[in-house]
Every structure is written in C-alpha cells, then in structure tokens.
Amino acid sequence: ELKLHLILSVLIKSLNRFTKSISNILCVNELLLCRQVLFQMLHRKVPIVCFNAKDFLRTVLQIFGNEISWKQVADSVVLDPRIAAWLINPSDTVPSFERLIQKYFEKPFSMGIVNRDTNPHSDNIVCFKIKIGLWKLFCTLELPLIKILAVMETHKIHVNKQELKKTSEILGLRLKELEQEAHQVAGERFLLTSSSQLRELNKLQDLHPLPKIILEYRQVHKMKSTYVDGLRTCMRKGFISSTWNQTGTVTGRLSAKHPNIQGISKHPVRITKKQYIKGKEEEIITISPRTLFVSKQGYTFLAADFSHIELRILADLSSEPELLKLFQEPEDTDIFSTLASQWKGIPSEQVKHADREQAKRIVYSVVYGAGKERLADCLGITPLEASQFIESFMQKYKKVHEFTKKTIEQCRNKGYVVSIMGRKRPLPNINAQDYKLRTQAERQAVNFVVQGSAADLCKMAMVEIFTSVVISPTLTARLIAQIHDELLFEVEDSQIQEFSGKYNFSCKSSCLHFYPLSELLPDFISFQRLWLSIWYKFS
DNA sequence: CTTATTCGGTTTTGG
DNA sequence: TCCAAAACCGAA
C-alpha cells in the first residue's frame, strides 16, 4: 500500500488536473481512492507519465489483479522518460529519476519539489529531445512494450518442483562422481571449477581422459547451478516469473533476469545415473531444462519464431543477390544446414545439429568481421585456411562487404549508426586513434545495424500479436516470454485452433495497416518486402 | 583480519 | 581483434 501510495503521489503530481480535487481526500482511505483513481485513469486512457512505468503497472496488477484485468492494463496509455533517454543513447544507463533530470535539465534539480509553475513542461523535456525518427520508434514500439512486459511479469510460470529436486540430487551425485574420477585420473586433488587451474590442464588436452571428464563436469555443473538450483532460488510457491529489462541492452533487444529465461539451455544433457545398491545397474537419463516448465492444466505452450532473421535483414540491407537467392528456396530448407552440408561435403540429411550450429557461427563470424585466428579456432583449421575461407566468402557475397564498408563510412561521418526503425547507437570510438578501439567500433557499427534491426522486427511482431490478442473478445492467450526471435504463449487448449488461425491471418495482413512506415523509412518497398517475407516465415 | 564488492573468465542463449 | 545478454565462480 505504501509503495502504491508513493507511486501514486508522484503520479498525481504529474497529472495537473487531478491534483487539486484529490489532495484533500488522500488520507481518508488510500486503497479505495487508489483503486478509484486507477480505474478512472485506465478507463479514460489518461496518459500516465511515469519513471519505470512498467513497475507501476505491475504493482497495479498485483494489488488489483482481481478487479483490473490484464487486458485493461494493456489498453492503458503510459509514457516512460527512462526509455526515452535510453533511445537517445542506449549506452548510458540512467540510474535514477534524479540523474535523468540532472542530465537533461540545465539547472540542478532538487528532489521533492516538483513545482509545475517553474517547470511547466518538466515531464516532457526528455520527450521533446527525441527528434522525429526516435519519437515514432518510441510511440509505436517501446511504449506498447511497457504494458506487454508488465503483463508478462505478472503471469506466473509453473515449475515442476518435485522434478527439480530430483534432478538436483541426480546432478549432485554425478558431479561427485566426476570429481572423484577426475582426481583419480589426474593423480592430485584440484578444483574443477577453477579457470586458472584449468589453463594449466589445457596443455595436457591430448593426454587422454581428463578433458572429457572436465567438459562433462562443467556441463553438469552449469546445469545444476544455473538451471536447476538457480531456478529453485527464483521460485515462489512453485512458480517463477522473470523480470524484464527494456533498457538493458545497447542493440534494442530485451533482457531477462531471475531467472534469465532467454538463456535456459535448449539441448538436453545426458547423464548416467549409477545405482550402487543393486550392483552394476546403470541408467541413462536425459535432462532438458525447458521441460521443467509446465503449462497450466488445460493450457498448452505455443512458440513461434523467426527463421534466419539477421541473415534475411543482411540480405535485404545489402541487396546481395546470392544471399537473396538463398531465401527464394522452398520454405522448409534450412539455410545453415545447407551451408553446413556444402562446407563439410556431406549430404544434407546427415547434417547434425552441431554441424548446423557451427555453420551458423561461421557465417555470422565472417559477416561481422572475425579475424582469421578466431575463425581458425572456431573451425579447428589453420589460420591460412581460415583466411582463404574468408576470402571466398567475400568473393561470393560481394555486396555484403560493400554494405559493411558503407555502414562504417556512414558511422564515421555521423558518429552513430541507425537501425531499420531508426534506433540509434552512437559510437564515439569510430574515429579514435587507437586501432583496437576503432576497429572494435567498426564491428559494433555493422553488428548494430543488423542486430538492432532484428530487434526492431521482433518487437514489432511482439506488439502486433499481443495487440491482436488483447483486441480479441474471446482469446485468453498469455504471452509468457520473448527469446529474441521467439514468442512463447500459453494458450487454452480449446483455443489453440482459433489462436493459430487468427495468428496466421494477422501475419499476412499486419503490414498493411501498420504505422506510417513510409515516413519512417527511406526505402519503404524494400522494407515491406522484408517485413512480409519475415512474417511469412514467422510460424 | 574479516567481509563485501568488483572484475575477469567461462558457460549458456540469441543472431 | 565477430556482436550482445545473464549466471556463476574465484581472485583481487
């Protein structure tokens, strides 16, 4: 109550016409009043300007969750100056409201005296600083996202508590076994988690059993500490819900913590569970962290993800014919698998997941300017062979190289780079004397244009689909998480068909009634084509 | 001397 | 001397 009161009083101060009528009765019954005010604000869609608006909305939902539906909150209008400041420069994080004011006000600012007579437009100062390009990004993407994240944070994901405890014990057992095994093989006791000690062992990599044991130890240890025990510490009464950070990255992507749901391992790990009681009995079990999350009774998890989004964007931005041709192929062909089969000279049916993953890493590495040493490390080949590969890549995709050169050149001139939706990243080091700093800035520039644009499109998809669910009178599907190019929903079993149908419909038509893209982008046709093509692949 | 904080290094994710 | 996140651990 106190927290809500504090938030509300700050809020009320920023809503001039509310102030006079409400200040007199504030002491009578806080909660009733709060509720009434909130109902009114949400109902009338009063624009709410609030630092950390997401936290405010989440608090509202947590306290009045029974009376205010998540769809109502999703329909509210909120503005957050912190996000505005982040759009102006994503690199400098604004730690507090006071610091934000200090940064964007000429005069020093003392907290507690928010006098509207002396600073009638104080709330809008930062907003005014956002010039036309960023303003639209702000309104069409970032502001709707505040509500989406607030709603996401108030939804609880059920985890299988018993399974969690069981796997924790199994993993703990396996770790002990591996530790003993390692000590035995090494002939001395040491810490398997110590990196400095491991570097010593690195030299002995070719001497048989140790590396294998250590690698497995690390894998199992990571699994236990982060995905199993880590998850348990995040749990509240059998549920978890991540905290989302909208301003935590420089590229425009989202990040999550407690737990970091974006970093939970996809791939299962296989461990042998030894049962000493019965003698030699052995049992191989697989543990995949993502199956520890369970949907509610009568609900199903549905996920949709883009395919090759960054590569598509790169193809579009560079207009590289060879790359564009790759995407004309039938839908079900996997680009990286194809590349892997070409690279390794094996039939595409025999390409394993690891091969595909490696091909992916190689392509992105080369595109974003990896050196021959790095690539050689990645592939396990000599630097000479690696440089030859880079050369042939550049030869085959000439326009990609042109694109990177052009991007760096523009960055040198302007001091910043821009994504497809106008998101900016200033890179002051682009003209630095220091070679290391300068080349780093160059790679960051190229990477930002592509990764930032991908983030833009992923956010567009998120807003579009979420909004279509909110508008629907029947659908109750909840957005659970965003893993960069993937959206995870929890859908009522009886609505799976409806949801999927509406979803496909929305995919194909959304670009037609979307915001005035033509004003945002110099090359609208190109963008529309990209947007359509990506929507098509988003299934 | 003990405790808290920060900083690499390594792992996972995503492209 | 590909990019950008978070978690964990050990050392400073």
Side-chain angles (χ1 to χ4, degrees), chain A residues 90-91 190-199 202 214-215 217-231 233-234 242-267 269 288-290 305-315 335-336 356-357 359-378 383 386 390 393 400 404 407 417 425 427 429 434-458 481-486 534:
Chain A
S91 301
F190 62 98
L191 277 168
L192 278 91
T193 47
S194 166
S195 50
S196 59
Q197 294 194 52
L198 280 178
R199 208 170 297 115
N202 230 8
I214 289 170
L215 282 174
Y217 183 90
R218 283 189 171 185
Q219 199 180 27
V220 176
H221 188 265
K222 173 86 181 180
M223 183 73 82
K224 178 166 156 59
S225 64
T226 305
Y227 305 135
V228 180
D229 293 347
L231 216 60
T233 62
C234 298
S242 290
T243 306
W244 296 88
N245 191 353
Q246 201 175 342
T247 59
T249 66
V250 286
T251 53
R253 275 154 59 135
L254 295 172
S255 72
K257 61 179 183 183
H258 298 298
N260 175 13
I261 203 164
Q262 295 178 317
I264 289 172
S265 188
K266 251 185 181 175
H267 317 297
V269 67
S288 35
R290 292 191 181 189
D305 65 313
F306 285 116
S307 69
H308 321 115
I309 183 164
E310 280 194 18
L311 213 56
R312 265 169 211 280
I313 286 168
L314 185 75
I335 304 289
F336 294 116
R356 187 192 176 277
E357 208 65 18
K360 195 165 112 185
R361 289 252 144 75
I362 294 163
V363 169
Y364 287 121
S365 300
V366 176
V367 166
Y368 296 127
K372 55 179 189 283
E373 265 79 15
R374 178 76 170 209
L375 191 65
D377 256 11
C378 190
I390 293 171
F393 189 93
V400 173
T404 61
T407 302
V417 274
R425 179 172 184 186
L427 287 163
N429 283 339
D434 188 333
Y435 173 80
K436 193 176 167 181
L437 289 177
R438 192 175 66 248
T439 51
Q440 185 184 26
E442 286 171 357
R443 292 190 301 271
Q444 287 170 327
V446 174
N447 181 262
F448 174 85
V449 175
V450 182
Q451 195 187 122
S453 299
D456 292 348
L457 289 180
C458 291
Q482 188 244 41
I483 303 109
H484 303 123
D485 72 322
E486 175 186 342
I534 286 175

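Order of the sequence lines sets the chain letters (A, B, ...), proteins ahead of strands, with each chain counted from 1. No experiment lies behind these values; they were computed from the predicted model shown. Values reported hereafter were calculated over all heavy atoms of this structure, with side chains retained and with hydrogens, waters and symmetry mates removed.
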Calculate the interatomic distance between A:M223 atom CE and B:dT13 atom C1'; express it in whole Å. 13 Å
Can you tell me how far P in C:dC8 sits from the matching atom in B:dT3, rounded to whole Å? 22 Å
Verdict with reasoning, A:F336 to A:H308, per ring-ring contact (aromatic ring centres under 6.0 Å, His included): CA-CA 9 Å; A:F336 294 116; A:H308 321 115; 5.4 Å; yes
If we take the C1' atom in both C:dT1 and B:dT12, what is their distance in whole Å? 23 Å
Interatomic distance, CD@A:E442 vs OG1@A:T407, rounded to 0.5 Å, equals 11.0 Å
Just to be sure I understand the rule, does A:V250 reach a base, reach only the sugar-phosphate, or reach nothing, if contact means heavy atoms closer than 4.0 Å? sugar-phosphate
Nearest whole angstrom, please: distance from the C1' of C:dC3 to the CG of A:D485. 16 Å
Could you tell me how far C:dA7 sits from B:dT2 if I compare only their P atoms? Round to whole Å. 31 Å
Can you check whether A:R425 has a side-chain N or O nearer than 4.0 Å to OP1 or OP2 of C:dA4? yes
Rounded to whole angstroms, how far apart are NE2 on A:H267 and C1' on B:dT13? 9 Å
Please pick, from C:dA6, C:dC2, C:dC9, the nucleotide with the shortest atom-to-atom distance to any side-chain atom of A:H221. C:dC9
A:R218 CZ - C:dG10 C1' separation (whole Å): 13 Å
Near-strand residues of residues 258-265 of chain A, defined as heavy-atom separation under 4.0 angstrom from DNA chain B: A:Q262, A:G263, A:I264, A:S265
Rounded to whole Å, NZ of A:K224 lies from C1' of B:dT11 at a distance of 17 Å
Look up atom NZ in A:K266 and atom CD1 in A:I483, then write down how far apart they are to the nearest 0.5 Å. 9.0 Å
Please list residues of residues 437-448 of chain A whose heavy atoms come under 4.0 Å from any atom in DNA chain B, ordered by number; otherwise none. A:N447
Rounding to a whole Å, what distance do you find between A:H484:NE2 and B:dG15:C1'? 9 Å
Taking atom CZ as the centre, does A:R374 end up with more than 12 heavy-atom neighbours from other residues, nucleotides or ligands that are less than 6.0 angstrom away? no
What one should report as the nearest heavy-atom pair of A:S255 and A:T249 is CB-CG2, 4.3 Å
Any side-chain N or O of A:K360 under 4.0 Å from OP1/OP2 of B:dG15? yes
Please check the phosphate of C:dA6 (OP1 and OP2 only) for any side-chain N or O of A:S255 closer than 4.0 Å. yes
Rounded to the nearest angstrom, tell me the gap between atom NZ in A:K257 and atom P in C:dA6. 8 Å
Do A:Y368 and A:E310 get their side chains close enough for a donor-acceptor pair, meaning under 3.5 Å? yes
